[in-house]
**Student:** 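One structure is given below, represented as structure tokens, and several questions about it will come after.
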Amino acid sequence: MSQAPVNIRELLDRRKVGYSLEAPFYNSQEVFDADMKHIFGKHWMYVGVEPDVPEAGDYMTVQIGNQPILIIRDDDGEVRAFHNVCRHRGSRVCTHDKGSTGNLVCPYHQWTYNLEGKLLFAEHMGEDFDPSKHRLKPVHLKNVAGLLFICLADNPPEDFQELVDTMTPYIAPHQIANTKIAAQIDIIEEGNWKLTMENNRECYHCTGNHPELTISLYAYSYGFAPSAETDEGMKQYEEMVKERHAKWEACGLPSAEVDCLDTKISGFRTMRMPLDKEGQSQTLSTESACKKLLADFGDAAIGGLSFWTQPNSWHHFMADHIVTFSVIPLSADKTLVRTKWLVNKDAVEGVDYTVENLTAVWNATNSQDRFLVEESHKGSKSPEYQPGPYSPYTETLVEKFSNWYINRMKTLIGD
Amino acid sequence: MSQAPVNIRELLDRRKVGYSLEAPFYNSQEVFDADMKHIFGKHWMYVGVEPDVPEAGDYMTVQIGNQPILIIRDDDGEVRAFHNVCRHRGSRVCTHDKGSTGNLVCPYHQWTYNLEGKLLFAEHMGEDFDPSKHRLKPVHLKNVAGLLFICLADNPPEDFQELVDTMTPYIAPHQIANTKIAAQIDIIEEGNWKLTMENNRECYHCTGNHPELTISLYAYSYGFAPSAETDEGMKQYEEMVKERHAKWEACGLPSAEVDCLDTKISGFRTMRMPLDKEGQSQTLSTESACKKLLADFGDAAIGGLSFWTQPNSWHHFMADHIVTFSVIPLSADKTLVRTKWLVNKDAVEGVDYTVENLTAVWNATNSQDRFLVEESHKGSKSPEYQPGPYSPYTETLVEKFSNWYINRMKTLIGD
Amino acid sequence: MSQAPVNIRELLDRRKVGYSLEAPFYNSQEVFDADMKHIFGKHWMYVGVEPDVPEAGDYMTVQIGNQPILIIRDDDGEVRAFHNVCRHRGSRVCTHDKGSTGNLVCPYHQWTYNLEGKLLFAEHMGEDFDPSKHRLKPVHLKNVAGLLFICLADNPPEDFQELVDTMTPYIAPHQIANTKIAAQIDIIEEGNWKLTMENNRECYHCTGNHPELTISLYAYSYGFAPSAETDEGMKQYEEMVKERHAKWEACGLPSAEVDCLDTKISGFRTMRMPLDKEGQSQTLSTESACKKLLADFGDAAIGGLSFWTQPNSWHHFMADHIVTFSVIPLSADKTLVRTKWLVNKDAVEGVDYTVENLTAVWNATNSQDRFLVEESHKGSKSPEYQPGPYSPYTETLVEKFSNWYINRMKTLIGD
């Protein structure tokens with residue numbers, strides 16, 4: 001069903017703080033186009049990890065809206081990104097999800113670029129042709145202790161350096177460069193990407209929906225603010241967190257909460273949080289899923305370092321494995337959620353870990369979240385849907401996502 | 001292929017009486033959006049039967065355009081309808097086609113409503129939260145002797161009460177509340193909903209296309225007006241109808257034709273019509289498909305009571321079973337036709353009836369009609385299609401559908 | 001993803017000669033609609049061959065955009081085309097791809113037309129109805145020595161007669177009317193039709209992509225212009241061509257190049273070209289795929305007569321078989337490529353030829369080209385795609401296609 005044209009500026013201006021967004025933010029083509037232009041076109045996005053391209057010449061491709069992007073490790077070991085578009089007649093240069101190559105050879109007419117994007121060879125183009133004017137176009141890329149972020153803008157947000165500086169000491173102990181991707185699973189949710197993000201930003205829905213995830217998760221760990229109902233439990237939980245943080249920080253593992261989700265352009269939040277029971281990993285048993293740890297932590301029970309970024313990622317770093325999520329909008333009502341599980345690159349499948357056990361919790365959780373996102377999307381299409389109130393105790397991080405989104409759009413969209 | 005924008009008011013104004021509609025009425029997105037807003041948004045629609053929700057707590061869901069609707073029987077036995085949209089973050093509350101429940105619990109955060117739509121429980125919302133402002137939004141519903149109609153407008157057409165008053169004595173003897181749904185089959189036609197309705201409103205196409213249906217159908221029974229060609233046959237048929245009507249009405253079965261298809265907002269037509277051969281049922285043998293009749297009619301050969309409504313239904317009530325059809329537009333070129341076959345709720349499958357025999361005629365007929373609708377849709381997309389003349393003898397009820405549609409749109413669409 | 005509205009006139013005016021087209025020509029809905037209106041709506045299109053409708057009453061249907069077209073051989077043996085739309089309520093009259101019939105009977109209400117499109121019979125229409133005002137609407141059709149072209153315009157381009165006059169002596173010796181269709185394969189490419197055509201108009205991509213096709217193809221045969229790199233090889237090739245042309249023309253086989261690809265409204269090019277090795281056919285062995293030749297050529301090594309037309313076809317005529325291609329746009333990003341292989345109608349499958357051997361080269365080549373078209377389409381959607389330079393030596397015929405397209409659009413689209 002088509003929709004009346006929407007006035008995005010008006011929608012942004014009348015957004016009611018503390019309430020879910022109006023329907024066009026989830027459903028309209030105009031808003032989706034603006035999201036792709038302003039949110040995904042002008043911010044740093046998480047797209048993969050160093051182990052996606054472990055060796056020189058290894059590449060991966062990702063598609064952001066209508067933009068095919070190529071990420072490749074050059075001969076000096078630097079990871080670079082390019083627009084995956086040949087300068088001759090526009091063919092994609094790398095056509096597979098992943099691969100390894102000496103030079104980048106377009107399949108159409110074999111125009112050949114080196115790993116820095118320089119055009120080395122183009123047959124039949126004559127003497128007037130200037131190869132230096134036909135390099136692959138570069139894309140900004142930042143490597144944050146092994147997490148790869150790209151930005152499609154000419155001038156990326158400069159405050160991303162603060163994220164890099166803050167997060168590097170948190171993430172570095174987990175040694176991403178020393179891991180391999182044990183599993184990657186893509187799911188496509190029939191819902192708007194903002195519903196996927198909002199779902200990620202609260203655990204109000206966890207008790208009723210995530211029996212596997214809540215085995216290791218403390219009920220109060222995820223963005224809960226104390227209320228009359230939860231006052232007692234929260235106090236006990238916070239005492240425990242204080243004690244664990246002291247212990248972990250003494251071992252060189254930064255743990256304290258940092259939250260600038262809606263106060264910076266490159267908004268993020270991090271915190272190392274205790275896990276329940278054995279306290280080792282987000283698994284069904286709460287014990288490590290991989291015998292060979294990511295590094296020499298002494299004890300495997302270091303909880304989970306969580307890291308959330310605007311607009312499109314979240315990550316959990318444990319002693320034994322890392323699970324990392326990127327969200328890529330496909331259309332106003334279709335969203336790709338890509339999950340990667342990383343383990344020590346020397347771990348042996350079947351000996352140190354099994355993929356089934358490693359992925360059990362988040363596979364189940366992703367599937368449950370997909371259902372919730374899709375049902376919200378269906379409901380929010382009704383003309384009778386109206387924004388409802390966020391819980392002041394359990395949906396404060398959803399509010400921060402919505403705030404960030406609304407403010408970024410207000411700034412970028414012009415009048 | 002996209003289309004030039006259409007001026008609906010101009011199209012309505014230049015409609016030529018006695019001719020099929022212009023192509024944009026079947027193909028354009030603008031007209032489809034207007035149809036959903038004005039025709040399906042402001043009239044009573046047939047959506048199901050009492051046996052869809054036989055017990056307290058039983059519910060069914062239907063989707064009308066982008067509106068998810070919930071139909072549920074409350075604890076007092078009353079059937080109610082609601083917008084199936086949680087007042088928190090918009091998730092659908094009931095996510096299955098059918099089910100049974102004590103309260104209505106949203107799967108997302110377990111907001112809990114009672115069967116009258118009152119919000120009973122919402123965790124973590126704090127003391128300032130007022131549950132009474134977050135009831136499920138109701139939808140108008142009318143129960144016509146067991147047929148369920150809803151209207152999405154704030155102020156539904158009032159003349160529907162005349163339909164209720166007129167039709168109740170016709171339908172009541174067939175005791176819908178005492179039936180069960182023996183079979184339900186959904187088909188999706190790749191054509192505009194108006195082509196589906198127009199196909200239903202004439203039997204000019206029956207001889208050439210419906211070998212199964214025409215076994216029990218008298219050639220002159222369906223909207224035929226006498227012409228030179230058919231004069232003799234019509235006279236004989238009308239004599240027979242007169243005689244049967246006298247007999248059936250003496251047994252308490254109203255039979256006379258009532259036709260206000262294009263003279264009322266809630267347009268409809270009804271008539272009890274003789275069936276050919278054994279005269280009992282729309283079956284391949286013309287005998288009853290179910291041994292246990294719907295009620296104590298004395299004789300099974302009471303023909304078929306037909307009932308047609310604008311904009312979206314038709315129904316045939318016989319002594320042994322009822323077959324009932326609802327039409328729900330899915331897009332400008334896709335239409336859901338939902339057929340339900342009802343039998344006495346005490347009838348035993350395999351003993352009193354078989355689903356195969358019960359559904360044989362209308363399954364075949366629906367499939368044949370789907371083909372005709374789809375071929376008309378394909379042809380009407382051609383820029384060379386132009387409205388052709390309706391037969392003055394066999395397509396008078398099609399003309400009444402088109403008249404009703406054009407007049408309702410003219411009234412509702414504004415200038 | 002939706003796109004900003006495009007100004008086609010501006011796009012046309014700023015087209016840079018010698019470069020690939022700007023992205024909206026491949027991606028925008030507005031341009032696609034204009035292509036269907038002006039290019040496919042006002043030029044002669046190739047749609048099939050005489051052996052598609054060998055006998056009186058044989059018909060085929062084709063769909064051009066939203067227009068269903070019927071091509072039928074009448075009782076006098078003349079091939080005619082009609083809009084396949086009943087004049088009653090718009091149903092398609094012929095609903096199969098191919099068939100044979102005495103009269104054209106609409107399936108809906110059996111309105112019956114003769115093979116010249118005259119309405120013979122329509123029941124129940126009354127005395128005032130005038131059948132002569134309800135003939136099937138004709139479509140212009142030209143039969144070029146067995147190749148069928150249609151034009152949807154009221155006034156088709158008159159210069160098509162020059163194509164007919166020029167090409168008839170080239171094609172006639174291959175006796176299409178004496179062939180049968182040994183195989184037909186439709187593929188759908190996920191790309192714009194202009195990318196399909198551009199791909200067809202150069203062999204720069206052949207060496208790297210078409211191992212089967214290049215067995216029989218001389219590297220210099222396809223639109224190559226001499227350059228420093230290829231100078232020596234080109235000279236030798238041209239000597240050979242001169243010698244062969246003299247020989248073939250002496251046998252009554254016109255062979256010289258005619259090229260008016262971008263100088264006429266009905267643009268085309270033809271040339272008889274030597275084939276490599278055995279020189280008989282575009283097969284894996286370069287020998288004839290069918291033992292029974294199309295006619296008495298004396299020697300099977302008569303190379304291949306190629307014939308290219310704007311906007312939508314190419315054809316290769318050999319001694320033993322003909323392979324012929326039509327391109328039909330389905331949407332801005334979907335294109336049907338229909339390939340037919342013709343052999344002598346008296347040839348016996350399994351004895352004189354096998355379908356596998358006959359179709360091996362072009363099946364493989366089509367599949368390879370589909371990949372290239374689809375990758376170009378993906379890349380050209382990127383906002384970072386920009387038109388790249390055509391090779392002045394190997395892409396001159398692509399430039400002629402683009403020139404023709406741009407000039408035709410400039411003339412037809414108005415200001």
Side-chain angles (χ1 to χ4, degrees), chain A residues 1-4 18-23 25-27 191-192 194-195 198-199 201-209 219-220 223-230 333 368-369 371-396 398-399 402, chain B residues 2 5 28-37 40-41 61 63-70 82-96 105-112 119 122-131 133-134 136-139 152 154 329-332 334:
Chain A
M1 195 150 325
S2 72
Q3 290 150 328
Y19 282 75
S20 63
L21 302 178
E22 287 193 55
F25 284 114
Y26 304 120
N27 294 310
N192 187 268
K194 289 190 282 293
L195 293 171
E198 290 167 16
N199 173 274
R201 296 295 149 92
E202 47 92 0
C203 223
Y204 185 177
H205 71 273
C206 291
T207 313
N209 287 282
Y220 302 116
F224 258 69
S227 70
E229 291 174 62
T230 62
D333 55 9
Q368 292 145 1
D369 284 332
F371 169 77
L372 298 172
V373 165
E374 293 181 350
E375 290 298 328
S376 293
H377 195 82
K378 283 175 191 157
S380 74
K381 286 177 122 167
S382 173
E384 296 296 328
Y385 160 77
Q386 65 185 70
Y390 289 144
S391 160
Y393 304 110
T394 68
E395 290 175 306
T396 51
V398 186
E399 172 64 21
S402 298
Chain B
S2 72
S28 95
Q29 187 61 44
E30 287 99 328
V31 170
F32 182 75
D33 294 341
D35 286 357
M36 293 313 292
K37 182 174 175 187
F40 285 85
T61 58
Q63 180 79 20
I64 309 295
N66 51 18
Q67 307 208 41
I69 306 295
L70 169 65
F82 297 102
H83 290 284
N84 188 13
V85 180
C86 184
R87 297 298 306 275
H88 178 213
R89 275 168 56 195
S91 174
R92 290 203 307 170
V93 174
C94 292
T95 63
H96 296 287
V105 183
C106 178
Y108 209 158
H109 306 89
Q110 288 70 54
W111 283 30
T112 302
L119 180 60
E123 204 177 11
H124 299 308
M125 292 308 294
E127 292 184 2
D128 295 340
F129 177 73
D130 181 356
K133 290 189 176 150
H134 295 89
L136 285 184
K137 295 186 179 181
V139 170
L152 297 170
D154 291 335
L330 301 178
S331 65
K334 231 181 260 291

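Because only heavy atoms are used, hydrogens play no part in the values below, and waters and symmetry mates are left out as well, while side chains stay in. Just so we're on the same page: letters track the sequence lines, and every chain starts at 1.
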**Student:** Between A:Tyr390 and chain B, with a heavy-atom cut-off of 4.5 Å, which part of the residue counts as in contact: side chain, backbone, both or neither?
**Tutor:**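 Contact with chain B is through both the backbone and side chain of A:Tyr390.
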**Student:** Quick check for you: among B:Ala122, B:Pro329, B:Gly90, B:Cys106, which has the greatest number of heavy-atom pairs under 4.5 Å with chain A?
**Tutor:**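 So the answer, after comparing B:Ala122, B:Pro329, B:Gly90, B:Cys106, is B:Gly90.
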**Student:** When you check the gap from the basic side-chain N to the acidic O, do A:Glu198 and A:Arg201 get nearer than 4.0 Å?
**Tutor:** no
**Student:** For the residue pair A:Ser20 and A:Tyr385, confirm or rule out a side-chain donor-acceptor distance under 3.5 Å.
**Tutor:**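 Yes, A:Tyr385 and A:Ser20 have a side-chain donor paired with an acceptor closer than 3.5 Å.
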**Student:** For B:His88 and A:Glu395, test the side chains for any donor-to-acceptor distance below 3.5 angstrom and give the result as yes or no.
**Tutor:**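 Result is yes, a qualifying pair exists.
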**Student:** Side chain, backbone, both or neither: which part of A:Glu202 has an atom under 4.5 Å from a heavy atom of chain B?
**Tutor:**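 Interface part for A:Glu202: side chain.
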**Student:** Among A:Val373, A:Leu21, A:Asn199, A:Val398, which has the most heavy-atom pairs under 4.5 Å with chain B?
**Tutor:**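 Winner by heavy-atom pair count: A:Asn199.
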**Student:** With respect to chain A, which residue among B:His83, B:Gln67, B:His124, B:Gln63 yields the maximal number of heavy-atom pairs within a distance under 4.5 Å?
**Tutor:**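 Heavy-atom pairs under 4.5 Å are most numerous for B:His124.
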**Student:** Tell me the closest heavy-atom pair linking A:Leu195 and A:Ser380, and the distance in Å.
**Tutor:**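 For A:Leu195 and A:Ser380, the tightest heavy-atom pair comes out as CD1-OG, 4.5 Å.
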**Student:** What residue, out of A:Cys206, A:Pro383, A:Gly208, A:Ala23, has the most heavy-atom pairs lying under 4.5 Å from chain B?
**Tutor:** A:Pro383
**Student:** So do the side chains of A:Pro389 and B:His134 get within less than 4.5 Å of each other, counting heavy atoms only?
**Tutor:**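 Side-chain contact under 4.5 Å: yes.
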**Student:** Taking NZ in B:Lys137 as the centre, count heavy atoms belonging to other residues, nucleotides or ligands within less than 6.0 Å. Is the count above 12?
**Tutor:** yes
**Student:** Between B:Met125, B:Glu127, B:Gln110, which has the largest tally of heavy atom pairs under 4.5 Å with chain A?
**Tutor:**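 Heavy-atom pairs under 4.5 Å are most numerous for B:Met125.
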